[in-house]
Amino acid sequence: MASPLQKVSVLAPAKLNLSLDVVGTLPGGYHALDMVMQAVSLYEQVTLRRSSDLVVRLPGSRVPPGPKNTAYKAALAFFHYTGLLAGVDITIHKTVPVRAGMGGGSADAAAVLVGLNALYGARLSMTELCALGASVGADVPFALMGGTCRVQGLGDLIKALPPCPDCWFTVIMPGYGISTPAAFAAYDQIGSPTHPDCAAQEAAIRAEDLTGLCAAAGNALEVCAGGADTAPLKQALLDQGAKAALMTGSGAAVFGIFEAEDPARRAAEALAAEGRQIFTLRPDRGGARIVKAIR
Ligand code: C5P
């Protein structure tokens, strides 16, 4: 029998919401959502080493590593479910901006679940990992699945779609973040003028129709999230030739969808400014995955 794994490295993609609609309010203050989510080529890099303790490290990041961290919660959920009497030493190199609506915390949790499953040879199925992930955060099941998905309910009802049509995304993270609970609380107060047609967007993706995908793009949280730069950044992206521009998740990041690389990169250059982070990204067809394993 091969010796056990000592260390695994995991890449977990960020996500963008190609559409996000709020379709109802659920008991407990949560919201029923309808979304199309897309994994993109910006990755959290997570390494997991066997250990007798549970340790989370985030070198260079101000995100706290304690029990509220999604990676910590995911590790606890895994050990609880499997009954393994073990620990893990987790190092997270954060690349995805926080409070951006790009799913960085969910990507970290997904990376830990996938990494622990391999490190300890637990052989949990994707369904089991998604159930564990849903207990950590609403977007973790998507972070495990990746690619292009229609996501409904709390984020737990997931349907994999064919890959989205070839395109480029220019993503702008302004110099502020937005709290997800605050954005949903504001939605409860003021509602939304925007309700994108996620079914139409799914149909456009199935038809490999980027124009139809862009026509159905929209985010019901955009106005209530209250991002001061959201509207001007969207307009600036459209002026730069984006086929659609919208906020992702509960913000604060805003992105444009471009047909080709050149205009996407030109927009990134034109919109660069002090205090902003700008990324030019591509769709990614996967979710959190092992990229290296050491015995
Ligand atoms: O599950 P997660 O921790 O990502 O959610 C963060 C917050 O976003 C929740 O506490 C809740 O306020 C809000 N939320 C919601 N409805 C959802 C997902 C999240 O109201 N479907």
Side-chain angles (χ1 to χ4, degrees), residues 12-40 44 46 56 58 63-78 80-81 92 94 96-113 129-146 149-159 176-192 194-196 198 218-227 247-253 287-288:
K15 60 89 174 163
L16 295 173
N17 287 90
L18 302 180
S19 56
L20 187 161
D21 195 14
V22 182
V23 295
T25 306
L26 297 167
Y30 266 74
H31 296 77
L33 303 175
D34 193 357
M35 313 185 271
V36 175
M37 298 175 98
Q38 177 62 53
V40 291
E44 296 284 74
V46 182
V56 178
L58 292 128
V63 174
K68 286 190 180 162
N69 190 287
T70 53
Y72 193 101
K73 287 188 194 169
L76 280 188
F78 176 88
H80 181 75
Y81 181 73
I92 302 172
K94 282 200 83 69
V96 181
V98 297
R99 293 157 64 94
M102 297 181 73
S106 302
D108 297 340
V112 166
L113 292 171
L129 293 177
C130 282
L132 286 179
S135 76
V136 175
D139 289 343
V140 182
F142 173 74
L144 289 158
M145 294 279 291
C149 291
R150 177 94 177 264
V151 182
Q152 291 169 293
L154 287 177
D156 50 333
L157 305 176
I158 299 197
K159 176 166 64 173
Y176 57 85
I178 291 176
S179 140
T180 300
F184 277 104
Y187 179 88
D188 291 340
Q189 296 295 315
I190 60 178
S192 177
T194 309
H195 289 284
C198 302
N219 185 333
L221 294 176
E222 223 166 78
V223 172
C224 55
M247 190 180 83
T248 177
S250 56

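In listed order, ligands and their atoms are each counted from 1.
Side-chain atoms of Thr194 do not come within 3.5 Å of backbone N or O of Ala220 as any donor-acceptor pair. Judged purely by atom type and a 3.5 angstrom limit, Glu44 has no side-chain atom pairing as donor or acceptor with the backbone of Ala107. At distances below 3.5 Å, at least one donor-acceptor pair connects side-chain atoms of Thr248 with backbone N or O atoms of Asn17. Checking side-chain atoms of Ser19 against main-chain N and O of Val36 turns up a donor-acceptor pair under 3.5 Å.
When every heavy atom of Arg150 is checked against every heavy atom of Cys198, the shortest pair comes out as NE-CB, 3.7 Å.
Protein residues having at least one heavy atom under 4.0 Å from any atom of ligand 1 are Gly29, Tyr30, His31, Leu33, Gly137, Ala138, Leu154, Thr180, Pro181, Phe184, listed by chain and number.
With respect to Leu33, the side-chain contact (heavy atoms from CB on, under 4.5 Å) criterion is satisfied by exactly one of Leu221, Val23, Asp139, Val22: Val22.
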